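Encoded as structure tokens, the structure appears first; notes follow it.
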Amino acid sequence: MEEISKRISLKTRTVTPFPWRMFIEKSRSSIDSDGNWLITLSDVLSLLLVFFVMFFVITKNTGRPVKTNIDKVLNQPSKDAGVQMTASTVSEKIKDEMNSEIKKLDLENDVSVRTVDKEVIITMKEKVTFRPGQADILNSLNPMLDNIAGLIQRHPSFLVDIEGHTDNVPIRTRLYPSNWELSVARAMSVLKYFINNHGINPSRLSIKGNADQKPAVPNDTPEDRARNRRVEIRLKEKEL
């Protein structure tokens with residue numbers, strides 16, 4: 001009996017401490033696991049500290065705030081604005097050059113030039129372009145057309161629209177049954193002059209006949225009707 005009691009006592013001493021040891025080990029493991037977030041947080045704070053130190057050093061060395069890409073984009077001039085400014089400058093230069101040629105040829109009363117937006121509009125009255133009711137160019141206009149052709153060749157980025165206009169007096173001939181045919185024929189004569197005499201690329205040229213639908217002034221007097229009988233040459237920058 002005494003030997004049996006000793007064995008039971010030994011088993012009790014061996015088994016009893018075991019649950020306490022498991023609890024202690026489990027608690028220690030739990031503490032280690034919960035402490036991992038402190039290590040991650042300390043790494044993040046260290047990186048932020050390094051970032052702010054570098055930022056401070058950069059701004060101090062440059063002596064001015066560092067501009068971001070957004071600042072550069074906002075402060076960069078608009079490309080379209082630059083193109084528009086260039087086109088306007090070229091248009092004004094062409095206008096000045098044309099006015100000089102008009103003065104040399106003593107055509108101030110019959111040929112005029114103006115700029116509208118980025119277009120250069122050269123207006124030639126019937127008096128110096130065609131005989132009444134006809135579409136054959138007068139020889140006296142050739143020097144003026146030669147100068148315009150030179151401008152067109154020197155500015156290859158410009159397209160050219162040629163528009164014929166008449167007054168509201170009806171016309172009915174074998175060649176021109178109405179003012180529509182006459183206005184188109186006059187624009188066509190100018191186009192052919194540029195192509196045949198100066199070799200201008202036809203792809204840059206276009207024509208339009210307006211008849212009496214776009215008068216410069218009301219057709220109330222002979223003088224005003226004469227102003228409406230005209231050819232307009234429009235030089236305009238190609239759209240990008």
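Note that the coordinates shown come from a computational prediction; the quantities given were computed from them, not determined experimentally.
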Other residues, nucleotides and ligands only: do more than 12 of their heavy atoms fall within 6.0 Å of [atom1] on [X]?
{"X": "K95", "atom1": "NZ", "result": "yes"}
{"X": "R227", "atom1": "CZ", "result": "no"}
{"X": "R172", "atom1": "CZ", "result": "no"}

- [ ] Verify side-chain contact (heavy atoms from CB on, under 4.5 Å) between T89 and E92, making sure each step is shown before the conclusion.
- [x] CA-CA 5 Å; T89 303; E92 289 298 325; 6.0 Å; no
Under a 4.5 Å side-chain heavy-atom rule over Ile, Leu, Val, Met, Phe, Trp and Tyr, are [X] and [Y] clustered together?
{"X": "I195", "Y": "L151", "value": "yes"}
{"X": "M188", "Y": "M144", "value": "yes"}
{"X": "I122", "Y": "V231", "value": "yes"}
{"X": "I121", "Y": "L107", "value": "no"}
{"X": "M98", "Y": "V90", "value": "yes"}

Task: side-chain hydrogen bond (donor to acceptor under 3.5 Å, both in side chains) against Q153, all qualifying residues, sequence neighbours excluded - done: none
- [ ] Go through the structure and list residues passing side-chain hydrogen bond (donor to acceptor under 3.5 Å, both in side chains) with R186, not counting sequence neighbours.
- [x] E126
Task: Donor-acceptor under 3.5 Å (T166 side chain, S183 main chain) - done: no
- [ ] Mark yes or no for whether D161, through its side chain, and S206, through its backbone, hold a donor-acceptor pair below 3.5 Å.
- [x] no
Sub-4.5 Å side-chain heavy-atom contact between [X] and [Y]:
{"X": "N228", "Y": "H165", "answer": "no"}
{"X": "D96", "Y": "K93", "answer": "no"}
{"X": "I162", "Y": "F194", "answer": "yes"}
{"X": "F158", "Y": "E237", "answer": "yes"}
{"X": "I233", "Y": "L235", "answer": "yes"}
{"X": "L105", "Y": "N147", "answer": "yes"}
{"X": "F130", "Y": "I137", "answer": "yes"}
{"X": "R131", "Y": "D136", "answer": "no"}

- [ ] Please step through side-chain contact (heavy atoms from CB on, under 4.5 Å) for the pair E108 and N99, ending with a clear verdict.
- [x] CA-CA 8 Å; E108 291 99 327; N99 279 326; over 6 Å; no
- [ ] Consider only side-chain N and O atoms of S100 and E97, and report whether a donor and an acceptor are under 3.5 Å apart.
- [x] no
TODO: State, without any angle test, whether N219 and D212 hold a side-chain donor-acceptor pair at a distance under 3.5 Å.
DONE: no
Task: Intermediate values then yes/no, side-chain contact (heavy atoms from CB on, under 4.5 Å), L175 and E181 - done: CA-CA 8 Å; L175 289 176; E181 286 83 3; over 6 Å; no
Open item on the list: One pair to check against side-chain contact (heavy atoms from CB on, under 4.5 Å): V120 and V113. What are the steps and the verdict?
Closed with: CA-CA 7 Å; V120 181; V113 57; 3.7 Å; yes
Open item on the list: With rounding to the nearest 0.5 angstrom, report the NZ to CG distance, K125 to D110.
Closed with: 6.0 Å
TODO: Going by the side-chain contact (heavy atoms from CB on, under 4.5 Å) test, name the single residue among I148, I200, L141, D146 that passes it with Y193.
DONE: D146
Task: Set of salt bridge (charged side-chain N to carboxylate O under 4.0 Å, His left out) partners for E232, sequence neighbours left out - done: R230, R234
